[in-house]
Structure formats: structure tokens, C-alpha cells
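Both counts, for ligands and for their atoms, begin at 1 and track the order of listing.
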Amino acid sequence: MREHIIMTFLLTFFIGCGGEDMNVTVMTPTIQCGMCQKNIEVGLSKLDGVGRSTVDLASKTTKVSFDSKKTDLLKIENAIADLGYQANSVSANPNAYETLPDCCKIGGMDKM
Ligand SMILES: [Cu+2]
């Protein structure tokens with residue numbers, strides 16, 4: 001009887017994922033303002049396989065839905081880092097960080 005419950009759960013889980021579409025929440029602790037939000041959302045939209053990304057300034061996280069056949073979490077983390085922001089444990093690319101507007105830099109490097 002217990003096996004049935006587990007199987008039902010697993011099936012629901014796989015259907016819920018809708019095939020190859022995956023959702024991840026990336027910690028982006030160095031984002032400061034709406035500009036950061038735009039930078040990341042626009043930057044990620046250019047990445048092949050990324051469907052939708054939503055930056056939440058309040059919780060400093062970025063939710064990303066992507067096609068696991070075309071891209072993966074590491075590529076997404078690196079793409080965010082290349083935009084000048086920390087992504088999970090991947091540090092911001094220092095060159096990209098330097099080109100950010102001043103409002104996006106405040107405290108940005110302190111947290112690394
Ligand atoms: Cu900003």
C-alpha cells in the first residue's frame with residue numbers, strides 16, 4: 001500500500017515537471033535595485049534554453065525556468081556571474097562588475 005502512494009507521488013512529480021522544463025531558484029545576494037533586476041532578466045533571456053527568469057529584489061533570488069536539454073544550472077550561474085552578479089557560489093565576474101552602474105555596486109562586493 002505504501003508503494004502505491006510513493007508511485008503516485010513520483011508520477012505527479014514527473015508530470016509536474018512538464019518534460020524537460022526545470023525550475024531553479026538562484027541566490028543572487030549582490031543585487032541592489034531595479035536595474036540589477038533588468039540586467040539579469042534581459043541577460044538570461046539571451047541564454048539559449050532559458051524560458052523565463054524572475055528576479056525578486058526582496059529575497060534577492062532569481063527564479064529561472066529552463067530546458068534541461070539546452071542548458072543547465074551551472075551555465076545559468078555563469079551567465080549571471082558574467083553580468084556582474086554573484087550567483088549561488090559563483091562569484092561575479094570582476095570586469096563585468098566594474099561596468100555596472102554605481103547604484104548596482106553599493107555593497108555589492110562586500111558580500112563576497
Ligand atoms: Cu542595480
Atom pair CD (Q86) and CD1 (I80), whose distance is rounded to the nearest 0.5 Å:
10.5 Å

If you draw a sphere of radius 2.8 Å around the Cu ion (ligand 1), how many protein N/O/S atoms end up strictly inside it?
3

side-chain hydrogen bond (donor to acceptor under 3.5 Å, both in side chains) pairs, two or more places apart, involving residues 34-54:
N39-Y85

Sequence-distant partners of D56, side-chain hydrogen bond (donor to acceptor under 3.5 Å, both in side chains), two or more places apart
S59

Please find the pair of heavy atoms, one from K60 and one from Q32, that lie closest to each other, and give the distance.
NZ-CA, 4.4 Å

Look up atom CG in L47 and atom OG1 in T71, then write down how far apart they are to the nearest 0.5 Å.
4.5 Å

Taking only residues two or more places apart in sequence or in another chain, which ones pass side chain to side chain contact (heavy atoms under 4.5 Å, CB included) with N78?
L74, V90

